[in-house]
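The chains referred to below are lettered A, B, ... by the order of the sequence lines, with proteins before strands, and numbering in each begins at 1. These figures come from a predicted structure and were not determined experimentally.
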Amino acid sequence: MKSIAELEAIRKRAQEGVKLRSEKGGVRVVVGMATCGIAAGARPVMMAFVEEINKRELKNVVITQTGCIGACRLEPMVEVYQGEEKITYVKLTAEDARKIVAEHLVNGRVVKECTIGAYEK
Amino acid sequence: MDLYRSHVLVCGGTGCASSESGRIIDNFNELLIEHGLDKEVKIVKTGCFGLCEAGPVVVVYPEGAFYSMIKVSDVPTIVEEHLLKGRIVTDLLYKDHTTSETMNSIDEVGFYKKQRRVALRNCGVINPESIEEYIAFDGYQALGNVLTEMSPNQVIDIVKRSGLRGRGGGGFPTGTKWEFTQKAVGDLKYVACNADEGDPGAFMDRSVLEGDPHAIVEAMAIAGYAVGASKGFVYVRAEYPIAVKRLQIAIDQAKENGLLGEDIFGTGFNFDMEIRLGAGAFVCGEETALIASIEGKRGMPRVRPPFPAVKGIFDKPTLLNNVETFANIPQIILKGAEWFASIGTEKSKGTKVFALAGKINNTGLLEIPMGTTLREAIYDVGGGIPNGKAFKAVQTGGPSGGCIPAEYLDTPIDYDNLIALGSMMGSGGMIVLDEDNCMVDVARFFLDFTEEESCGKCTPCREGTKRMHELLDKIVDGKGTMDDVAKLETLAKTIKGASLCGLGQTAPNPVLSTLKYFRHEYEAHVLDHKCPAGVCSALLQYLVVPDLCKKCGICAAKCPVNCISGVKGKEVYLIDQDKCIKCGACMDACPFKAIKKG
Amino acid sequence: MITLNINGFEVEIKEGSTIYQAASSIGVKIPTLCHDERLKPHGSCRICVVEVEGARSLVASCSTPASNGMVVHTESESVITARREILDLMLANHPLDCLTCEKAGRCTLQDLCYQYDIEESSFDGKKKKYEKDTSNEFYYADQTKCILCGKCVYVCSQVQNTDAICFVDRGFETHVGTPFDLGLAKSTCVSCGNCVAACPVGALMPKRKEKFRYWEIDKVKTTCSYCGVGCQMELLVKDNKVVEVEPVKGHSNDGMLCVKGRFSYDFINHSSRLKKPMVRKNGVLEEVSWDEAYDVIANKITEVKESDGADAITGFSSARALTEENYLMTKLMRAVIGTNNIDHCARL
Amino acid sequence: MTNGIADIQKADALFVTGSNTTESHPVIGAQIKRAARNGAKLIVADPRKIPLAEEADIFLKIKPGTSIALHNAMMNVIINEGLQDDKYIRENTENYEELVESLKKYSLEYAAEITGVEAYLIREAAIMYASAEAASILYCMGITQHTNGTETVMSLSNLALITGNIGKVGTGVNPLRGQNNVQGACDMGALPNVYTGYQPVTNTGAREKFEQAWGVKLSDKIGLTVTETFKAIDEDRVKMLYICGENPMISDPDTHHAERALDKVFLVVQDLFLTETAELADVVLPAASFAEKDGTFVNTERRIQRVRKAVEAPGEAKPDWIIFMELMNRLGYEEHFNSAEEIFEEIRQLTPQYAGVTYERIKNKGIQWPCPTLDHPGTNVLHAGKPARGAGFLKPVEHLESLEIGEDKYPLVMTTGRMLYQYHTRTMTGKTEGINLIAPELYAEINPSLAQEKGITDGEVVKVTSRRGSVTMKAKVTDRVNKEVVFVPFHWDSGANVLTNGDELDKYCKIPGLKVTGVNIEKAD
C-alpha cells in the first residue's frame with residue numbers, strides 16, 4: 001500500500017460489508033418474510049432490494065426481515081424506517097422494490113402508489 | 001464486498017471450535033444454499049466472543065440475536081425460523097445466570113455490560129481472516145497515521161502518556177520500554193511479540209490472535225517504526241494452531257496489501273515479520289528464555305542486565321511486548337493517549353482482559369477497566385458462584401499468583417493492589433474458589449505445575465519447588481508437622497528471594513498467600529488431621545452415624561475392600577478406617593444417609 | 001570508575017564490573033559453584049547471593065553489575081540463611097558418599113557445607129538417580145552427583161565451543177546429557193576434558209588408572225609437551241608418578257587443554273621407556289653403561305672427523321626438547337664437533 | 001606468530017588457511033570458534049571440509065597446492081574494489097606496482113579454474129577479509145608443506161600488507177607451530193644457517209661473537225637440512241648422524257629412502273622410546289621426558305614458558321642437556337652447567353631477543369620475545385608501526401603446479417595431515433589405550449563418488465600407490481574430501497610418508513611438498 005488514500009478507499013468499500021454489525025441509525029428496510037409473505041412472493045422482492053442497494057452502493061441502509069405483520073392479504077409487505085418515520089409498502093413486486101430504492105431511498109421521495117395508504121384507498 | 005442483509009457470526013475461537021463450531025458453520029452454509037439464502041445471508045467465522053461458558057456462540061445481525069450453546073442440530077431451526085422467516089428463536093437465546101432472563105441482543109447480556117472492550121474490540125465482531133473487515137473497523141489507520149504524520153519520538157510519547165503497562169505480567173511501562181529500545185545502539189533491531197501464553201486457563205492472547213490478528217501485525221509495525229526495527233517475530237506456542245494459522249493469513253494479507261514489506265505507505269519504512277513456534281514450555285514466556293528459544297536455543301532464562309532492549313534476539317536490541325499489550329496500541333494511536341489514560345486507575349491505565357474460571361457462572365474472557373473491583377468482576381460480570389456456594393478466594397496471576405480472600409473483594413484491580421495482596425496481575429488468570437476448595441490442595445496444585453515447568457537452571461527454583469511440593473504432599477496426606485509448615489514458609493521465602501527469573505521468584509506465591517490468609521487450613525491439616533473443605537482424601541473419614549443406621553448391610557455389601565463390619569439387622573455397621581480407601585461407595589449406597597464424610 | 005561499599009570497605013572498580021568482581025578485587029571471597037570468568041554470567045547456583053541495601057531481594061553477585069554508591073553485605077544474616085537453604089537443597093539431592101567419592105578433598109559443595117555447617121539435608125524427599133555414563137574413554141559423567149551448576153555445559157558451548165553436552169528435560173528431572181541422551185561416546189565430544197576441569201563436584205571425573213586422594217598428591221605447574229600452543233597445565237604426582245593432568249589458566253590456553261595434553265600422559269611412566277643406553281653389538285642393540293656409550297660416540301666422532309671432516313657429521317635436534325637442550329646441541333655440533341650440520345623437524 | 005593467541009578474540013575477521021586447527025591445535029581451534037561465535041567473520045580455506053569449516057562464514061574448498069592462485073585472486077579483487085590500505089602501502093611497503101601488475105592475470109575465473117573454488121566465493125572472501133577493521137591470517141602446514149611453500153607464505157603476507165593487517169592488535173600473519181618447542185629450537189639456532197636469535201653463521205660479526213663466547217673457531221659454511229642430509233648420506237658425504245628426539249622414519253617423506261639412509265649411516269638416537277628410527281641406531285641413549293626436567297618451551301606466539309620437573313626419570317635416563325654436556329666433556333670441551341637455568345643465562349647473553357628474560361620473570365607467566373631488557377614486558381605484536389625490515393617487500397609470486405600432478409598413472413592428489421587424537425609419530429599418544437581405541441589405525445578419506453567408481457565401500461582395505469611405493473589402509477568414505485583428493489593422516493609407521501616425495505624441496509627453506517602427492521587408489525586384493 002503506497003498511500004493513505006488507498007487505505008481509505010478499501011475502508012469505505014469494506015465498511016459497507018460490515019455495517020450490519022455496527023449501524024444503529026440510517027434506513028432500515030424490513031421485509032415481511034413469514035410463510036405468508038414468502039408465499040406471496042416476498043423472496044424476489046427482497047432479492048431486488050438487496051441487488052439494487054448493492055448496485056447503488058448505498059450507505060446506511062440495512063435490509064432486515066421480520067415475521068408476519070398480521071395483514072397477510074397485503075403481502076409482500078415492506079416497511080421502510082427512517083428516523084421516526086415509517087412508510088409501509090404493500091403488494092410489492094420486484095419492479096416496485098427497485099423503484100422504492102431509486103425514489104425513496106435515494107431521492108427521499110416516497111413511492112406513493114405502493115404505500116398501504118394508496119392501496120387501502 | 002457484497003452486501004448481505006444478514007450476517008451470522010459464528011465463534012471460531014479454540015473453545016467453540018472444540019465444541020464443533022466448525023461443523024455448525026458447514027451446516028449453516030449447506031442449509032443456506034438449500035434455502036437459497038446464500039446470496040443474502042453471510043456466515044462469518046469470528047474470533048472468541050469471551051463468554052466461553054455459553055459456547056458455541058452464534059450471533060445474528062442486524063438484530064444482534066445472541067444464541068448460546070448451539071448444537072449442530074439447532075442450525076436448521078435458526079435458518080428456517082430466524083433467517084428465513086425473521087422469527088428469533090427464543091429458546092436458543094442466551095439466558096442470564098443471575099436473572100434467568102432471556103437476552104435478545106448481545107448488547108443486553110450482563111456479561112458484556114460492565115466490560116469495556118479495547119484489546120478485544122474486534123473479537124467476535126470481524127472475520128479474522130479478512131483484512132477488509134479489519135480495515136473496515138479502522139484497521140491499519142493507526143499505522144497510516146503514524147507513518148505519514150508522526151515521528152518515532154511522537155509515537156513513543158503517545159504510548160508513554162497513555163500510561164499503558166505490559167499486559168504479560170510484569171506491568172513495566174510500555175512507552176519506557178519502547179524508548180529504551182529506541183535509544184539502544186544496534187545495526188539491527190527487532191520487535192518481538194510474546195504469544196507464548198503459558199498460564200493454564202489464560203487464553204486472552206490466543207483470543208486476540210484468533211479474533212483480531214491484524215491488530216498485532218499493525219501494532220508491531222507501529223512499534224517497529226517507533227524503535228527503529230524492520231523485523232518482527234511473533235513467538236507463538238505450537239499448541240495454538242488456529243492462532244498460528246490466522247496470524248499467518250494476516251501476515252500474508254498484510255504483505256499482499258503492502259502493509260508489511262518495503263516502503264509501507266510510500267514512506268520508505270520497511271517492516272517484515274515472521275512467526276516462530278514454541279514448544280509450549282511455561283518458562284518460554286519469560287522474556288530472556290523466549291529470546292533464547294527464538295534463537296533456536298533451549299528456552300532458559302538468562303541474567304539481566306543486559307535487558308532485551310539492549311541485547312535481545314541475536315544480541316540485538318529487541319522490543320518485546322505481549323499480545324494484549326500490542327492489541328491496545330492501534331486504539332491508543334487512533335483515540336489518543338488521553339482517551340486511554342482516562343480509563344483505569346492512577347497507576348494502571350486502560351483495560352485488562354481476564355480469563356475467568358473456576359467456581360464461577362460465566363466462565364470466559366472479560367475485558368474490564370482497571371480499577372474495577374474484584375467483586376464487580378466476579379459477581380457482576382462473572383455472574384457469581386454457582387449452586388449458592390460461598391466464595392472463598394480468588395486466585396489471580398496464573399500458577400504463580402496468589403489467593404485473595406473474601407475480605408479484599410472490594411479491592412480495585414490494578415497491578416500494585418494485587419501485588420500488595422501477595423498476588424499479581426500476571427497475564428490475567430482469575431480462578432474463583434468456593435467453600436469446597438481446600439487451600440492447601442490449591443497451593444499444591446499450582447506447585448505441581450511450577451515444579452514441572454521450572455526450566456531447571458537455578459537451584460532454588462529447581463530443587464526448592466520440588467521440596468515445597470513434597471512438603472505440601474506431606475501436609476495434604478496428614479503426615480505434616482508444624483515444623484514442616486515452618487520449613488515450607490522459610491523455603492518459600494528463599495525461593496522468592498534467591499531465584500534467577502520471574503518464574504522462580506513468583507512460584508512460591510500460592511504457598512505464601514495461602515499461608516498468609518488461610519493458615520488455619522494448614523493448621524487443621526497438621527494439628528487436627530482434618531481437611532476443612534473435605535478435599536484431601538487422606539484426611540477424610542467415612543463414618544456410620546449410629547442413630548441413623550438401619551443395620552441393613554447394604555454399605556458392607558458395596559464396600560470394595562470389605563472394611564465395613566456389622567451384623568445385619570442386629571448391629572450398627574462400623575468402618576475400619578485403616579482399611580478404608582475412601583472411595584465413598586458406602587455413602588452413595590446407603591439409603592438412609594447414615595454415612596457421613598468428615 | 002565507580003565506588004561502592006562492600007562489608008564496610010570502600011571499593012573502586014571499573015564500571016561494568018559485577019559485585020563479585022568488586023569483592024574479589026579487595027579480597028572478599030564470595031562462595032560460588034557456577035562462576036567462571038570465561039563464561040557469560042549465568043547465575044545458576046545462587047550461592048553467591050549477597051544483600052544490597054535497598055534492593056527488593058538478595059542478588060546474585062556474579063551477575064549483578066556493581067553500581068555507584070551501592071552498599072553490599074556479603075555475609076549478612078539473610079545472606080547466610082539463603083546460602084544455607086540453597087546448600088540444604090543441593091544436599092537434599094546429592095549422595096552423601098564423600099567417604100568414597102573421588103572428588104573428596106576438592107569438592108566445592110563439600111567445602112561450602114563445611115563452611116556453612118550443613119551436616120545433612122533437612123529435606124528427605126526424592127533424590128535423583130542416573131546411570132553413570134562411562135562411554136567416554138577418558139572421563140565419566142555421574143549425573144547423580146551433578147548439582148546442575150551448568151559450568152560444563154557453558155564451558156563446552158562458550159569456551160571449547162563444541163556443544164557436545166546440553167541440559168535435558170525440565171524441572172527436577174533436568175540433567176546434563178547429550179542430544180537424545182545417546183551418551184558421550186556418540187556425541188560430538190572431543191574429550192578435551194575442559195568440562196571435567198570446570199565441574200565443582202564429582203559429577204565429571206577423569207577415569208583414573210590408579211586410586212589416589214587429592215590430599216595425597218603434589219601438583220607441578222608446567223607447559224604441555226604436545227603441540228605449539230603452549231598450554232599451561234599441572235601434573236598431579238603421587239609416588240613419583242604422574243596420575244592426572246589438569247589445565248591451568250595460561251595466556252595461550254585460557255584454562256583449556258585438549259585430549260592429548262589432558263589425558264595422554266601414560267607415556268611418561270610407560271614400561272617401554274628406555275632406561276639404559278644401548279650399543280649395537282653384532283647387529284643387536286645391547287644395554288651398556290653410559291661410559292661405554294659415550295666412548296663409542298666420542299670415538300666415532302673423532303674417527304669421522306679425522307677421515308671425512310666435521311661436515312660428515314650431522315645432528316638433528318628436537319622441537320620436542322627444551323630450549324636449553326636445543327641450544328646445547330647446537331653448541332655441541334658447532335663448537336665441539338665443528339659443523340653447522342644441525343637441523344630439526346621444523347618443517348614436518 | 002606475529003600476534004599473540006589472545007589476539008584472535010580481537011580480530012574482526014579471521015582467515016584460517018591450511019590449518020585443521022581444531023584437530024592440530026585444538027585449544028587455538030576452540031578460540032577461533034569462540035571468536036566466530038562472538039561475531040568475528042571466519043573464512044576457512046582447506047582441501048577438506050574440516051570441522052572449522054562448519055563454523056565458517058565462507059568456506060573455500062580449495063584444491064591442494066593452489067593457495068597462491070587463491071591469494072593472488074583475492075588481492076586482485078581487493079585492489080579492483082579499492083579496499084587496499086593505501087596509506088599503509090605508501091608508508092610501509094615496497095614494490096606495490098610490480099605486485100599489482102603481477103596480480104592482473106589472476107581474475108576470479110582464472111583462480112576459480114585453478115583452485116576449484118567458485119568465483120563468487122573467492123570474491124566474497126576477499127571483500128570480507130579486506131573490509132574488516134582488523135583481520136588476522138592463521139595458517140599452518142597446509143600452506144608451507146609445498147615445494148613452493150615459502151612463496152605461498154609470501155603471498156599471504158602480501159595479502160596482509162596491502163590491507164594493512166599487520167602490526168596491529170587482532171591482525172597478523174600467524175603460523176601455528178606444530179610442536180611444543182619448534183619455536184624454541186629455531187630460536188636456538190637448531191638450523192643449519194643461523195645461531196641463536198637468527199644470527200647468520202655467514203655473518204662475520206655474529207660468528208666472532210659466538211667464537212668468543214664459546215672459545216673456539218666456528219665454521220662459516222651453512223650446514224645440511226634434514227632432507228638434504230638423507231641425500232648426503234646416499235652420496236657418502238655424511239657418515240654419522242646424531243638424532244635427538246626425532247622420528248624421521250615416520251615423519252619424513254619417502255620412508256623407504258629414509259630407511260636406506262639411516263641403515264647406512266652411523267646413527268645415534270636419543271629418545272624416550274625405542275622408536276622406529278632408534279631401532280636402526282648404532283647407539284641409543286635414554287632421555288628424560290618433559291615431566292622429568294626443568295627448563296623452558298617457547299610456544300607458537302613466541303612465549304617463553306617454564307617446564308618443571310614433576311617426577312624422576314626412569315632407570316638411567318637423563319635430560320638431553322646433561323647427555324650433551326657429558327658428551328661435550330668427553331670430547332674434551334669443558335662444560336659445567338648445574339641446571340637448565342644456567343644454560344638459559346648463557347643463552348640470553350648471546351640472544352638479543354631473550355636478553356630480558358629470566359627464570360624469575362617467567363615464574364608465573366611466560367614472556368613473549370623480543371624482550372631485550374629486564375624491564376621490557378615482552379612483545380605481543382611484531383612489526384608494530386612498521387615491518388621489522390623497515391618496509392614490507394611485496395614480492396610477486398606465481399602459481400606453479402606441483403610436479404606430482406598431471407600424470408595419468410597417479411591422477412589423484414594425496415594430502416596428509418593430523419588428526420585430533422594422535423600426535424605426530426605416535427611415540428607419546430600411542431602409549432594411551434583410550435587414544436588407540438578411538439584412533440586405532442591408518443585410513444584414507446575418499447569421496448563417495450570416487451569410492452563408487454572404484455567399487456570401494458566404507459571400511460574396506462585399499463591400496464594407495466605413488467611413485468615411491470604403495471601402502472594398504474582402510475577406506476573412510478566421506479564427502480569431507482572432493483573426488484580428486486585423498487587424505488591420509490601421517491601418524492602411523494609404513495604409512496603416508498612411504499608415498500610422499502622427499503626429493504623435490506622448496507628452493508628457499510627446503511621444505512618437502514608433503515601436502516601434494518600424486519597417487520592412485522585401488523581396492524586391495
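- Classification of the C:Phe267-C:Tyr226 ring pair by plane angle, with boundaries at 30° and 60°, yields perpendicular.
- Residue contact with chain C, scored on non-hydrogen atoms closer than 4.5 Å, involves the side chain of D:Ile438 exclusively.
- The contact between D:Thr229 and chain C is made entirely by side chain atoms (from C-beta outward), counting heavy-atom distances below 4.5 Å.
- By the neighbour-count criterion of 12 heavy atoms within 6.0 Å, atom NZ of D:Lys365 is sparsely surrounded, having that number or fewer from other residues, nucleotides or ligands.
- Neither the backbone nor the side chain of C:Ser307 comes within less than 4.5 Å of any heavy atom of chain D.
- Looking at D:Asp294 and D:Ser339, their side chains never bring a donor and an acceptor atom within 3.5 Å of each other.
- In this pair, D:Phe297 and D:Phe290 present their aromatic rings parallel. The plane angle is below 30°, not in the 30 to 60° band.
- With a 4.5 angstrom heavy-atom cutoff, D:Lys309 touches chain C only via backbone atoms.
- Heavy atoms of C:Tyr294 lying under 4.5 Å from chain D belong to its backbone as well as its side chain.
- Both the backbone and the side chain of C:Asp291 come within less than 4.5 Å of a heavy atom in chain D.
- C:Phe212 has its ring centre less than 6.0 Å from the ring centre of C:Tyr214.
- A salt bridge is absent between D:Glu433 and C:Lys209: the closest approach of a Lys/Arg side-chain nitrogen to an acidic carboxylate oxygen does not fall below 4.0 angstrom.
- For C:Leu285, the part lying under 4.5 angstrom from a heavy atom of chain D is the side chain only.
- The candidate from D:Ile32, D:Asp187, D:Val194, D:Leu176 with the greatest count of non-hydrogen atom pairs under 4.5 Å with chain C is D:Val194.
- Of the atoms belonging to C:Glu287, not a single heavy atom falls under 4.5 Å from chain D.
- Both the backbone and the side chain of D:Val284 come within less than 4.5 Å of a heavy atom of chain C.
- With a threshold of 4.5 angstrom between heavy atoms, D:Phe337 approaches chain C through side-chain atoms but not through N, CA, C or O.
- With a threshold of 4.5 angstrom between heavy atoms, C:Asp295 approaches chain D through its backbone and through its side chain.
- Ranked by non-hydrogen atom pairs under 4.5 Å with chain C, the options D:Val238, D:Val265, D:Thr300 are led by D:Val238.
- At a 4.5 Å heavy-atom cutoff, the contact between C:Lys241 and chain D is made by backbone atoms alone.
- For chain D, no part of C:Leu236 is nearby; none of its heavy atoms comes within less than 4.5 Å.
- Using bins of under 30°, 30° to 60° and over 60° for the plane-to-plane angle, the ring pair D:His424/D:Phe490 lands in the perpendicular bin.
- Looking only at heavy-atom pairs under 4.5 Å with chain C, the residue among D:Gln183, D:Glu326, D:Gln368, D:Glu228 that has the most is D:Glu326.
- Only the side chain of C:Val304 comes within less than 4.5 Å of a heavy atom of chain D; its backbone N, CA, C and O stay farther away.
- For D:Leu350, the part sitting under 4.5 Å from any heavy atom of chain C is the side chain, from C-beta outward, and nothing else.
- For C:Val229, the parts lying near chain D are the backbone and the side chain together; criterion is any non-hydrogen pair under 4.5 Å.
- The side-chain tip of D:Lys293 does not point at the ring of D:Trp321 from less than 6.0 angstrom away and within 45° of straight on.
- Contacts between D:Ser24 and chain C at a heavy-atom distance below 4.5 Å involve the backbone alone (N, CA, C, O).
- The closest side-chain donor-acceptor pair between D:Asn180 and C:Ser225, if any, does not fall under 3.5 angstrom.
- Only the backbone of C:Gln158 comes within less than 4.5 Å of a heavy atom in chain D; its side chain stays farther off.
- Only the side chain of C:Asp308 comes within contact range of chain D, judged by heavy atoms closer than 4.5 Å.
- Contact of C:Ile297 with chain D is made through backbone and side chain together, with heavy-atom distances under 4.5 Å.
- With a 4.5 angstrom heavy-atom cutoff, D:Glu342 does not touch chain C via any of its atoms.
- The parts of C:Val190 that come within reach of chain D are both its backbone and its side chain, each placing non-hydrogen atoms under 4.5 angstrom from that chain.
- Top candidate by heavy-atom pairs under 4.5 Å with chain C, chosen from D:Glu346, D:Lys33, D:Arg306, D:Arg37, is D:Arg37.
- Looking at D:Pro51, there are no atoms closer than 4.5 Å to chain C (heavy atoms on both sides), in backbone or side chain.
- Options D:Gly29, D:Gly295, D:Ala36 differ in how many heavy-atom pairs under 4.5 Å they form with chain C, and the most are formed by D:Gly295.
- Top candidate by heavy-atom pairs under 4.5 Å with chain C, chosen from D:Tyr333, D:Trp214, D:Tyr242, is D:Trp214.
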